[in-house]
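This structure is a prediction, so every number in the text was calculated from the model and none was measured.
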Amino acid sequence: MYFYDIFDTPVGFLTVIADENNLLEIKFAHSNCNKNPNRITSLAKTELYEYFEGKRKNFTVPYKLTGTDFQKKVWNELLKIPYGSVCTYGDIAARIGNKNAARAVGGANNKNKIPIIIPCHRVVSSADIGGFAVGVETKEILLNIEKNNSGPA
């Protein structure tokens with residue numbers, strides 16, 4: 001059974017989807033589903049609100065990653081990027097042992113089903129901010145939230 005919650009944020013509506021034990025997906029849109037929250041969607045919603053308010057830098061909601069081994073390797077590396085920091089696609093490629101895989105890192109970021117919590121928005125190109133599946137404006141908002149709240153707690 002899947003559980004859903006939908007809520008408004010500074011980047012528009014988010015839909016969180018979970019099973020009984022794990023967050024499975026965050027969608028940047030109002031989904032055509034009825035709200036059916038559980039403890040996981042409620043925790044995700046609370047933690048995301050705290051993130052947008054600049055009060056949360058790390059997430060505790062349990063989640064389940066689904067993807068290829070390469071994608072999971074990239075996503076796990078993204079978790080090591082500190083709040084308020086950025087790195088390049090090439091940096092991530094080098095960290096996972098394949099310095100020539102910058103484009104593939106971008107592809108893995110695009111397939112990330114748990115954005116914000118798995119912080120793909122913290123990865124930029126060597127020339128500019130880079131792309132973002134739901135638009136560069138959203139990426140800029142997320143980076144600015146972190147920039148404005150990255151001082152000492």
Side-chain angles (χ1 to χ4, degrees), residues 4-18 21-31 40-153:
Y4 306 87
D5 204 349
I6 303 161
F7 53 101
D8 199 8
T9 74
V11 293
F13 282 97
L14 293 182
T15 300
V16 291
I17 304 166
N21 301 305
N22 295 290
L23 180 66
L24 302 174
E25 193 167 357
I26 297 172
K27 292 185 177 191
F28 282 86
H30 186 284
S31 294
I40 301 297
T41 60
S42 296
L43 178 59
K45 182 178 176 178
T46 297
E47 290 190 357
L48 286 163
Y49 273 137
E50 291 170 351
Y51 169 85
F52 288 116
E53 293 170 353
K55 297 176 182 174
R56 176 168 294 280
K57 297 179 181 180
N58 297 297
F59 294 90
T60 64
V61 63
Y63 56 82
K64 182 178 179 183
L65 297 176
T66 55
T68 67
D69 289 343
F70 178 81
Q71 289 169 337
K72 290 177 186 177
K73 194 176 203 182
V74 169
W75 300 332
N76 283 310
E77 196 61 38
L78 300 182
L79 291 167
K80 298 175 186 175
I81 305 169
Y83 180 97
S85 299
V86 295
C87 66
T88 68
Y89 298 99
D91 293 335
I92 297 298
R95 290 180 192 175
I96 63 168
N98 188 347
K99 65 181 181 173
N100 297 319
R103 281 183 173 259
V105 167
N109 279 6
N110 184 265
K111 299 296 184 191
N112 176 14
K113 290 185 178 184
I114 309 175
I116 305 172
I117 292 173
I118 307 294
C120 55
H121 62 279
R122 295 182 189 154
V123 184
V124 298
S125 87
S126 57
D128 57 32
I129 194 168
F132 197 58
V134 295
V136 173
E137 285 181 5
T138 299
K139 186 174 190 172
E140 289 173 338
I141 291 169
L142 297 172
L143 291 173
N144 283 330
I145 286 169
E146 294 185 14
K147 178 182 172 187
N148 294 332
N149 295 292
S150 63

Peer 1: Can you tell me how far CG of Asn112 sits from CG of Leu65, rounded to the nearest 0.5 angstrom?
Peer 2: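 The distance works out to 8.0 Å.
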Peer 1: In this structure, are over 12 heavy atoms from other groups packed under 6.0 Å from Asp69 atom CG?
Peer 2: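 Incorrect, the count does not exceed 12.
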Peer 1: Which value, rounded to the nearest 0.5 Å, describes the distance between Tyr51 atom OH and Ile117 atom CD1?
Peer 2: 10.5 Å
Peer 1: Heavy atoms, side chains only, cut-off 4.5 Å: are Asn109 and Leu78 in contact?
Peer 2: yes
Peer 1: Look at atom CG of Asp8 and say whether more than 12 heavy atoms of other residues, nucleotides or ligands are closer to it than 6.0 Å.
Peer 2: yes
Peer 1: Which heavy-atom pair separates Asn110 from Ala133 by the least distance, and what is that distance?
Peer 2: ND2-CB, 3.7 Å
Peer 1: Taking all heavy atoms of Trp75 and all of Ala108, pick out the closest pair and write down the distance.
Peer 2: NE1-O, 2.9 Å
Peer 1: Do Val136 and Asp128 have side chains that approach each other closer than 4.5 Å (heavy atoms only, starting at C-beta)?
Peer 2: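 Side-chain contact under 4.5 Å: no.
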Peer 1: Is there a side-chain contact between Lys113 and Leu24 (heavy atoms, below 4.5 Å)?
Peer 2: no
Peer 1: For Gly54 and Tyr83, which heavy atoms make the closest approach, and how far apart are they?
Peer 2: CA-OH, 4.3 Å
Peer 1: Does the side chain of Tyr63 come within less than 4.5 Å of Asn21's, by heavy atoms?
Peer 2: no
Peer 1: Short question: side chain of Thr15, backbone of Ala29 - any donor-acceptor pair under 3.5 Å?
Peer 2: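 Indeed, once roles are kept as given, a pair shorter than 3.5 Å links the two residues.
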Peer 1: If every non-hydrogen atom of Ile40 is compared with every non-hydrogen atom of Pro62, which pair is closest and at what distance?
Peer 2: CD1-CG, 3.7 Å
Peer 1: Search all heavy atoms of Ile141 against all heavy atoms of Pro10 and return the closest pair with its distance.
Peer 2: CD1-O, 4.0 Å
Peer 1: Donor-acceptor pair, distance only, cut-off 3.5 Å: does the side chain of Lys57 make one with the backbone of Asn149?
Peer 2: yes
Peer 1: What closest approach, in Å, do Asp5 and Lys45 show between heavy atoms, and which atom pair accounts for it?
Peer 2: OD2-CD, 3.3 Å
Peer 1: Using 0.5 Å steps for rounding, measure from the OG1 atom of Thr60 to the CG atom of Asn58.
Peer 2: 9.5 Å
Peer 1: Distance check, rounded to the nearest 0.5 Å: Glu25 atom CD versus Thr66 atom OG1?
Peer 2: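 That separation rounds to 8.0 Å.
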Peer 1: Is a side-chain donor or acceptor of Glu47 paired with a backbone partner of Val61 at a separation under 3.5 angstrom?
Peer 2: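 At least one qualifying donor-acceptor pair exists.
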Peer 1: Got more than 12 heavy atoms from elsewhere within 6.0 Å of NZ, Lys72?
Peer 2: yes
Peer 1: Parallel under 30°, tilted from 30 to 60°, perpendicular over 60°: which one fits the rings of Phe28 and Phe132?
Peer 2: perpendicular
Peer 1: Say you draw a straight line from CD1 of Ile145 to CZ of Arg56; how long is it, rounded to the nearest 0.5 Å?
Peer 2: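 If I round to the nearest 0.5 Å, the distance is 14.5 Å.
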Peer 1: Among Val16, Ile17, Leu14, which residue satisfies the side-chain contact (heavy atoms from CB on, under 4.5 Å) criterion with Lys27?
Peer 2: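 Only one of Val16, Ile17, Leu14 forms a side-chain contact (heavy atoms from CB on, under 4.5 Å) with Lys27, namely Ile17.
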Peer 1: Can you tell if the side chain of Cys87 reaches within under 4.5 Å of the side chain of Val124, non-hydrogen atoms only?
Peer 2: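 Contact flag for Cys87/Val124 side chains = no.
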Peer 1: Give a yes or no on this: more than 12 heavy atoms of other residues, nucleotides or ligands lie within 6.0 Å of atom NZ of Lys139.
Peer 2: yes
Peer 1: Report yes if the side chains of Arg122 and Ile92 come closer than 4.5 Å at any heavy-atom pair, otherwise no.
Peer 2: no
Peer 1: What distance separates Phe7 CZ from Thr41 OG1, expressed to the nearest 0.5 Å?
Peer 2: 9.0 Å
